[in-house]
There are 2 protein chains.
Amino acid sequence: MGTKQFSGSAEDADLTRADSLAREIFSDVANKWALLIIEAVGERTLRFSELRDEVEGISHKMLTQNLRMLERNGLVERTVHPTVPPRVEYALTEPGRALRVTIDGLCSWTRQYLGDIESSRRRFDA
Amino acid sequence: MGTKQFSGSAEDADLTRADSLAREIFSDVANKWALLIIEAVGERTLRFSELRDEVEGISHKMLTQNLRMLERNGLVERTVHPTVPPRVEYALTEPGRALRVTIDGLCSWTRQYLGDIESSRRRFDA
DNA sequence: CGGCATCCTCGGAGATACTG
DNA sequence: CAGTATCTCCGAGGATGCCG
């Protein structure tokens, strides 16, 4: 990205480092599955299998991959209960909850403009 | 997605239709390049080549593809000036500007939690 | 049950070149 | 300058199977 999105005032020190990090995070987060997972977890605490049911159409593999990534970035917290069978639970962290607020905005936006978009599509496809 | 994100109260009539449309739109929009392009356009009116410079790392092809998609959904408006050489300009529509507000939120979020995320990553990678 | 590894494929995405 | 088309290739992502 052009840098304008992320760099604030900045002493210009290693602005580029921070900026490339920002781009990296943005790429992680600005992806369909990641957003849907965060939205799905919400304020609750869900098991792996519950999440898979919740996030429609996601594969086992994609779910694990994205959960790992989100855990790595500190957006979800993973708790393993050493029972048998194993029980693993996921919940949003504070940064995760903060992110969810903006995702909620995205969802509202979708709902709000659903009609406009649909008709725009019809016009375009002609 | 689990439906809960998009369906409001809903008469249940063709809720599924609206819901699958919402999912489709979400997939279109919740992608790195689309978001970066919308953010790049902002309140301005940019030419194709300006956009390519603005959106760091995007290829000619990806830019056209995404611009078509955004135009189809009515998020950007494409204006062709019949000069020579041709001059094509892109600007956000009302829905596009509304979407940009939430993207701004995403960018702020990234800036705000940059540090937390970086240290979380370091912890995880150990 | 949740996670990881392996295999395989299908299409996303870059490079290149041509038109208006 | 902007857009389209063709070719190619790499890797995202699905399916499957095996561990703890």
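All figures in this text were calculated on a predicted structure; none of them were measured in a lab. So you know, we letter chains A, B, ... as the sequences are listed, proteins then strands, and number each from 1.
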As a test of reading the structure: which of [options] is closest to the side chain of [X], going by heavy atoms?
{"X": "B/Lys61", "options": "D/dA15, C/dG3, C/dG14", "value": "C/dG14"}
{"X": "A/Ser49", "options": "C/dC1, D/dA15, D/dC1", "value": "C/dC1"}
{"X": "A/Arg47", "options": "D/dG13, D/dG3, C/dC1", "value": "C/dC1"}

Practice item. Using modelled atom types only, decide if a donor and an acceptor are shared between the side chain of A/Arg100 and the backbone of A/Ile38 within a distance under 3.5 Å. Key: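 No, A/Arg100 side chain to A/Ile38 backbone: no donor-acceptor pair under 3.5 Å.
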Point to revise | Carboxylate-amine/guanidinium contact A/Asp28 A/Arg23, below 4.0 Å | key: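 No, no charged N to carboxylate O under 4.0 Å.
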Check your understanding: Any salt bridge between A/Arg17 and B/Glu118, counting N to O under 4.0 Å?
Key -> yes
Check your understanding: Taking all non-hydrogen atoms of both residues, which atom of A/Thr93 and which atom of A/Val76 are closest, and how far apart?
Key -> CG2-C, 3.8 Å
Review point. If you measure only the distance, is there a donor-acceptor pair under 3.5 Å linking the side chains of B/Glu50 and B/Tyr90?
Key: no
Check your understanding: C/dG2 P sits how many Å from A/Glu71 CD, rounded?
Key ->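 After rounding, the reported distance stands at 15 Å.
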Point to revise | For atom CZ of B/Arg78 and atom C1' of D/dC1, their distance in whole Å | key: 12 Å
Point to revise | Rounded to 10 degrees, the angle between the two terminal axes of the helix from C/dC1-D/dG20 to C/dG20-D/dC1, each from five pairs | key: 40°
For [N] and [X] - does any side-chain N or O of the residue sit under 4.0 Å from the phosphate oxygens OP1/OP2?
{"X": "A/Tyr90", "N": "C/dC1", "result": "no"}
{"X": "B/Ser59", "N": "C/dG14", "result": "yes"}
{"X": "A/Arg52", "N": "C/dG2", "result": "no"}

